[in-house]
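Structure first, then comments.
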2 protein chains.
Amino acid sequence: MNDSEHGRRTIRDVAKAAGVSISTASNALNGTGRTNAETREKVKRIADELGFRPNALARGLLTKRSHAIGMLTNDTYGRLTLPMAAGVSEILVDHGVSLFLCATNNDPRLAKLHLDALLDRQVDGIIFTATRIDLEPPPELLKLRIPVIYAFAQGPADSVSFHPDDAQGARIAVQHLQALGRSRILHITGEQNYLAARIRADAYRELAGPSGRVMFGEWSEEWGHSAIDEVYSQSGPKPDAIFCGSDEIARGVIDALRDRGISIPEDVAVVGFDNWEVVSKQTRPPLTTIDMELKELGHRAGLAILGLSRGEKLEPGIERLPCRLFVRGSA
Amino acid sequence: MNDSEHGRRTIRDVAKAAGVSISTASNALNGTGRTNAETREKVKRIADELGFRPNALARGLLTKRSHAIGMLTNDTYGRLTLPMAAGVSEILVDHGVSLFLCATNNDPRLAKLHLDALLDRQVDGIIFTATRIDLEPPPELLKLRIPVIYAFAQGPADSVSFHPDDAQGARIAVQHLQALGRSRILHITGEQNYLAARIRADAYRELAGPSGRVMFGEWSEEWGHSAIDEVYSQSGPKPDAIFCGSDEIARGVIDALRDRGISIPEDVAVVGFDNWEVVSKQTRPPLTTIDMELKELGHRAGLAILGLSRGEKLEPGIERLPCRLFVRGSA
DNA sequence: ACTTTTTGATAAAACCTTTTATCTCCTATA
DNA sequence: TATAGGAGATAAAAGGTTTTATCAAAAAGT
């Protein structure tokens, strides 16, 4: 009689076993409509015994809410993306929402493919993340009927974006060095065509004043090395502190300084950026650095997309989340 | 008349616009049933013009195939997981299948939560990945009615698992060193309670013979450092090559050797493991290392889960995928 | 000319829920 | 006592698609 073991239990099975109609079962389980407390408990108990779980596809089809959101990212090996994704997921799972991960490899064709698939699945919203805050999102993203959040990326004017507060991050780095009594602070950072690099450099300049010097280069350890070579092969005053644009650069800087017999932090204090622990904890001395709190950024993005998908209105614009200073040995 | 702009186009809209029934439209679009070539083209053209895309929820509800699979992983910041996920995704997207990413943080409660959500969404299969090949999967995973693939993790006896071939990886590392004429090869690796570490160590011992020596420790740069300190503070013959269990260890080893004025690869050749480019490319000299081809492993896992979800049978057991040697400067 | 096939199209059922509108029965009110 | 109102339950519709069974018309066979 029971159409038992060949598939999942449906609400039919629950209703039949409880001796009520399907609608009553549904109402009892969801607390909607009017139901007698007694039958409600009974239905719930039986559903539990049967291990009933509602089919999300059917539910989504009817309610127009799939309780799934898509995350579109342009990188694959991302040390930036993954912490954010973890943060997003952490928030979503508590609200019964699942996450589709779509890596586009910076390929527009792939981006379109993924985006179409997400729309076909009726996702309630999309989070777009990137490896740099000034990367253009795929154009299709701009005219969707579902909400979109930009995390570590910049959307159009009326959209909601979350960025780390690069300027504030740079400021607390420089202020920390100044509080240590350093006055000849150098800034060695990555490529100038990265907006984040320019923002940080500007913030640095404001605090460092006329004695400040910014060296743009690459986001690599090697650049840290050769930057130091450059500085120390020239004549003129030497820095007593260096603020680096990334932990990798900082590591190159520290290695190069040590090669020259310069002791850290006594002779030169060094501050990094990223708090990428696999680097920052392994340098000698361990790196004092700025953490962008990417997981928290993911949390915020997750909460935002949840809100939007429920129809709430959000202030458009770029919200900048504060960075945090991690003091270790290098400064 | 057209219920135009407030929602997506449905197959109804297509049928109406083409002047045919819903069933005909469906048959025409899917190439099922019997349809006149002419009407078929017409329907397709109109569907295209209208930008019709079928609702995946409705389709999945009926066909019992959601064209989505779930990836359950125990880590968050995974440099192991993410390349695999990228590989999986790359395969799936070409088959119109999407990927749910679920990070469990090693929390059983979270694992259960995610797993239930995946089942509610009627995923066609699940890929379980972990940060180490000998991690126990959550017990709920063992008795599902849907197919499960274990990637970089080990399932029960009758399941399908994919691992990197650690033994072969260790062999090509040692053989490469031996081909360079090195005979006193040392193996510095990570924690002994990792199965992968033991497998590699065993393979190493077979080739290195009685002169071989294995030093277990931690998976950190620091351990590479202190291992070298230990070796060189003892008397006795010194190695002319070192095979390291990870790139991070190798980096610590190289730094420590350089501190002692030992030149690489002339005096001591060093081979790493992982080919984690952010480390291997940045050491000086750049690291010769073993790549586990994690993306390829993801490809294989993706293909496997696709096959299983279509009802194909797969040989159970652990399939070991070959590693590859990347020769750079250190050996 | 009549039956049998074949072709092309369609109505309707099914998938599993939620929700709206109805319906019955009971209690309270005038 | 008649009526209004409320509580509790349910039938039925809806959501968008695929698929099975049915049907009509045209083509082929005798």
Side-chain angles (χ1 to χ4, degrees), chain A residues 3 6-44 46-47 50-68 96 117 119-124 145, chain B residues 2-3 6-44 46-47 50-68 96 117 119-124:
Chain A
D3 65 335
H6 79 294
R8 283 171 66 112
R9 298 352 272 241
T10 86
I11 199 171
R12 278 191 111 79
D13 301 331
V14 176
K16 191 181 294 179
V20 299
S21 75
I22 294 185
S23 356
T24 309
S26 174
N27 279 330
L29 291 172
N30 300 321
T32 57
R34 287 186 297 238
T35 27
N36 185 342
E38 205 171 324
T39 48
R40 190 161 53 239
E41 289 317 311
K42 183 180 178 188
V43 169
K44 279 184 174 170
I46 291 189
L50 261 49
F52 165 75
R53 312 209 87 229
N55 181 322
L57 265 41
R59 170 180 281 178
L61 180 56
L62 195 52
T63 60
K64 308 276 191 196
R65 301 209 50 215
S66 65
H67 293 275
L119 296 177
D120 293 351
R121 298 203 145 70
Q122 320 289 118
V123 290
D124 299 333
R145 294 190 319 329
Chain B
N2 240 343
D3 66 333
H6 79 294
R8 281 171 69 110
R9 292 2 262 243
T10 86
I11 199 171
R12 279 191 111 80
D13 301 331
V14 176
K16 191 182 292 178
V20 297
S21 75
I22 294 184
S23 356
T24 310
S26 173
N27 281 328
L29 291 172
N30 299 320
T32 57
R34 285 185 300 240
T35 27
N36 185 347
E38 205 170 324
T39 48
R40 191 161 52 236
E41 290 316 311
K42 183 179 178 188
V43 169
K44 279 183 174 172
I46 292 189
L50 260 50
F52 165 75
R53 312 209 88 229
N55 182 322
L57 265 40
R59 170 180 279 178
L61 179 57
L62 195 50
T63 62
K64 308 276 191 193
R65 301 209 49 217
S66 64
H67 293 274
L119 295 176
D120 293 351
R121 298 203 144 72
Q122 320 289 115
V123 291
D124 299 333

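Chain A is the first sequence line, chain B the second, and so forth, proteins listed ahead of strands; every chain is numbered from 1. Since the model is a prediction, treat every value here as computed from it, not as a measurement.
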d(CG, B:Asp13; P, D:dT17) in whole Å: 9 Å
Touch class at under 4.0 angstrom, heavy-atom based, for A:Leu57 against every strand present: nothing
Residue closer to the 5' end of DNA chain D, B:Asn55 versus A:Ala25 (nearest nucleotide): A:Ala25
Any B:Asn55 side-chain heavy atom under 4.5 Å of B:Thr10 side chain: no
Spacing of B:Leu62 atom CG relative to C:dC15 atom C1', expressed in whole Å: 5 Å
B:Thr32 and its side chain to side chain contact (heavy atoms under 4.5 Å, CB included) partner, picked from B:Leu29, B:Asn30, B:Thr35: B:Asn30
B:Asp120 with A:Arg8: basic N within carboxylate O range, under 4.0 Å: yes
Contact under 4.0 Å: A:Asn30 side-chain N or O vs C:dT18 OP1/OP2: yes
Atom-pair distance (CZ on B:Arg12; C1' on D:dT18), nearest Å: 14 Å
Side-chain touch B:Asn27/B:Thr24, heavy atoms, less than 4.5 angstrom: no
Side chain of A:Arg34 (C-beta onward), nearest among C:dC15, D:dT17, D:dA9: D:dA9
Nucleotide C:dA13, atom P - distance to CD1 of B:Ile22 in whole Å: 14 Å
Separation of atom CD in A:Gln122 from atom P in D:dG15, rounded to whole Å: 14 Å
Any side-chain heavy-atom pair of A:Val20 and A:Lys42 under 4.5 Å: no
Toward the 5' end of DNA chain D, by each residue's nearest nucleotide, B:Ala58 or B:Thr24: B:Ala58
d(CZ, A:Arg65; C1', D:dG16) in whole Å: 19 Å
side-chain N/O A:Lys64 vs C:dT18 OP1/OP2, d < 4.0 Å: no
Sugar-phosphate only, base, or nothing, as touched by B:Arg59 at under 4.0 Å among non-hydrogen atoms: sugar-phosphate
No-H, no-angle donor-acceptor pair, B:Ser23 side chain to C:dA9 base, under 3.5 Å: no
Side-chain N or O of A:Ser21 closer than 4.0 Å to phosphate OP1/OP2 of D:dA11: no
Rounded distance in Å - CG (A:Asn27) to P (C:dT18): 9 Å
Separation of atom CG in B:Asn36 from atom P in D:dA26, rounded to whole Å: 13 Å
A:Thr63 side chain near C:dT17 phosphate (N/O to OP1/OP2, under 4.0 Å): no
